[in-house]
> 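There's a structure below that I have some questions on.
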Amino acid sequence: MNSILTGAAMGAALTTAGVYAPDIILSQFTFTDFTMLQTFLTAAAGSTWEGNGKVNGAGEEKKSAETVYEALGVSRGTMFVGMEAFLVLAIAAAVKFTAAPAAEARGIPPYFAGLAIAAAQMVSILLRGSLLGASTAFEDMGGFLFGVKKYANVLFSAGVVAGAWLISSLVPALRPVTEVAVSPARAALGGFMIVFGSRMAGGCTSGHGISGLSLMSISSFLTAAATFGFGGLAGLLMA
């Protein structure tokens, strides 16, 4: 039940933020709408307070050798303060110098949406004792084929769908209105690439981009940089 409730909180937060909608994602990577960036920075800042020094996105203990502060030879506290200061300045700069028309049209400021995602992170810590991470559910589903039955992450993903449906039903204005048309073939290819890549990286945009960054994991910094960097390159090529 805790996994379902945590997933529901995450699904409701993502729906509130709107960062799952194709038009918002594509407009971010073509650098015409920065709703996604502003939301991400706020969610990362909030999650850093909650997740620092606890567990990684898969719920396992984090080894100090895998962290940025260990590599730099500074204390965790020093790195934490520096990272929070950087994120706060980045949020202020993003709000001042970038536009977020999609968020304005929805009437929900990106920083509010980011805090909603950070709140879902807190729910995960309180109910599951671990940080957010979604892509492990696909690995667990694959394990069913080999007789390895794990249900917690699958239930979490089911909760995400339920939470998104519930808040969309209660607040119809949160439902996506998009003119972006994606063919079934492209949707299937994109879905496969996302799952394959996230499992190769050991985490997705929630496990690495939100939870992993909060723990100052080197692999999470590299994964997040690669995701946004190559996403932006692909967006420019598609524009």
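For this chain, numbers begin at 1 and follow the sequence in order.
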> Around atom OH of Tyr111, are there more than 12 heavy atoms of other residues, nucleotides or ligands at under 6.0 Å?
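Counting other residues, nucleotides and ligands, OH of Tyr111 stays at 12 neighbours or fewer.
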
> Between the side chain of Arg128 and the main-chain N/O of Leu131, is any donor-acceptor distance below 3.5 Å?
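Judged by distance alone, yes, a pair lies under 3.5 Å.
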
> Mind checking whether Phe196 and Phe192 have parallel, tilted or perpendicular rings, split at 30° and 60°?
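Answer is parallel, since the angle falls under 30°.
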
> Heavy atoms only: give me the nearest Ala17-Ile117 pair and the separation to one decimal.
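Heavy-atom minimum between the residues: CB-CD1, 4.3 Å.
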
> Please test Thr67 against Arg76 for side-chain contact (heavy atoms from CB on, under 4.5 Å), starting from the C-alpha separation and ending with a verdict.
CA-CA 9 Å; Thr67 62; Arg76 186 172 64 190; over 6 Å; no

> Supply the atom-to-atom distance Leu170 CG to Thr15 OG1, rounded to the nearest 0.5 angstrom.
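If I round to the nearest 0.5 Å, the distance is 11.0 Å.
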
> I'd like to know if the side chain of Ser124 and the backbone of Ser130 have a donor-acceptor N/O pair within less than 3.5 Å.
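Answer holds: yes.
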
> Okay, side chain of Ser47, backbone of Ser211: is any donor-acceptor separation there less than 3.5 Å?
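The answer is no, because no donor-acceptor pair under 3.5 Å joins these two groups.
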
> Any idea which heavy atoms bring Leu132 and Gln121 closest together, and the distance?
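So the minimum-distance heavy-atom pair works out to N-OE1, 2.8 Å.
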
> Between atom CZ of Phe40 and atom CG of Leu213, what is the distance when rounded to the nearest 0.5 Å?
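Here the rounded value is 5.0 Å.
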
> Do Thr42 and Leu115 have side chains that get closer than 4.5 Å, going by heavy atoms?
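Thr42 reaches Leu115 side chain to side chain.
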
> Which heavy atom of Ser214 sits nearest a heavy atom of Thr48, and at what distance?
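That would be CB-CA, 3.5 Å.
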
> Measure the CZ-CG distance between Phe29 and Leu236 for me, rounded to the nearest 0.5 Å.
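Result: 10.5 Å between the selected atoms.
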
> Do Thr35 and Gln28 have side-chain N/O donor and acceptor atoms under 3.5 Å apart?
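No, no side-chain donor-acceptor pair sits under 3.5 Å.
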
> Kindly indicate whether the side chain of Thr16, heavy atoms from C-beta on, has any atom under 4.5 Å from the side chain of Ile167.
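The answer is yes; the side chains approach within 4.5 Å.
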
> Report the distance from atom CG of Leu26 to atom CE of Met36, rounding to the nearest 0.5 Å.
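Here the rounded value is 10.0 Å.
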
> State yes or no: do Ile218 and Phe80 share one hydrophobic cluster built from I, L, V, M, F, W and Y residues joined by side-chain heavy-atom distances below 4.5 Å, directly or via other members?
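Looking at the clustering, Phe80 is in the same group as Ile218.
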
> Say whether Ile91 and Phe31 are linked into one hydrophobic cluster, either directly or through other cluster members, by side-chain heavy-atom distances under 4.5 angstrom.
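Cluster IDs for Ile91 and Phe31 match.
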
> Any link between Ile210 and Met83 through a network of hydrophobic side chains (Ile, Leu, Val, Met, Phe, Trp, Tyr) touching at under 4.5 Å?
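Ile210 clusters together with Met83.
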
> Work out which heavy atom in Ala100 is nearest to a heavy atom in Gln38; give both atom names and the distance.
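Shortest heavy-atom contact: CB-NE2, 3.9 Å.
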
> Taking all atoms of both residues into account, what is the closest heavy-atom pair of Val19 and Ile25, and its distance?
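That would be O-CG1, 3.3 Å.
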
> Applying a strict under-4.5 Å side-chain criterion to I, L, V, M, F, W and Y, I'd like to know whether Tyr69 and Leu222 cluster together.
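Result: yes, single cluster for both.
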
> Taking the side chain from Asp33 and the backbone from Ala102, do they hold a donor-acceptor pair closer than 3.5 Å?
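Present.
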
> Indicate whether any N or O donor in one side chain lies under 3.5 Å from an N or O acceptor in the other, for Ser219 and Glu66.
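Short answer, no.
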
> Which salt bridge (Lys or Arg N to Asp or Glu O under 4.0 Å) pairs, counting each pair once, include a residue from residues 199-222, with sequence neighbours left out?
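As it turns out, the salt bridge (Lys or Arg N to Asp or Glu O under 4.0 Å) pairs with a partner in residues 199-222, which skip direct neighbours, are Glu139-Arg199.
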
> Can you tell me how far the OG1 atom of Thr39 sits from the CD1 atom of Ile108, to the nearest 0.5 Å?
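Result: 9.5 Å between the selected atoms.
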
> Here's a test for you: under side-chain contact (heavy atoms from CB on, under 4.5 Å), which of Ile4, Asn2, Thr6 qualifies with Phe156?
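That would be Thr6; it is the only one of Ile4, Asn2, Thr6 passing the side-chain contact (heavy atoms from CB on, under 4.5 Å) with Phe156.
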
> Do Leu87 and Leu72 sit in the same hydrophobic cluster, where Ile, Leu, Val, Met, Phe, Trp and Tyr count as joined when their side-chain heavy atoms come under 4.5 Å apart?
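Per the 4.5 Å side-chain linkage, Leu87 and Leu72 are co-clustered.
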
> Ser75 and Thr78: which non-hydrogen atoms are nearest, and at how many Å?
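Shortest heavy-atom separation between Ser75 and Thr78 comes out as OG-OG1, 2.8 Å.
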
> Quick check for you: to the nearest 0.5 Å, what is the distance between Leu41 atom CG and Leu89 atom CG?
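Atom-to-atom, Leu41:CG and Leu89:CG are 11.0 Å apart.
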
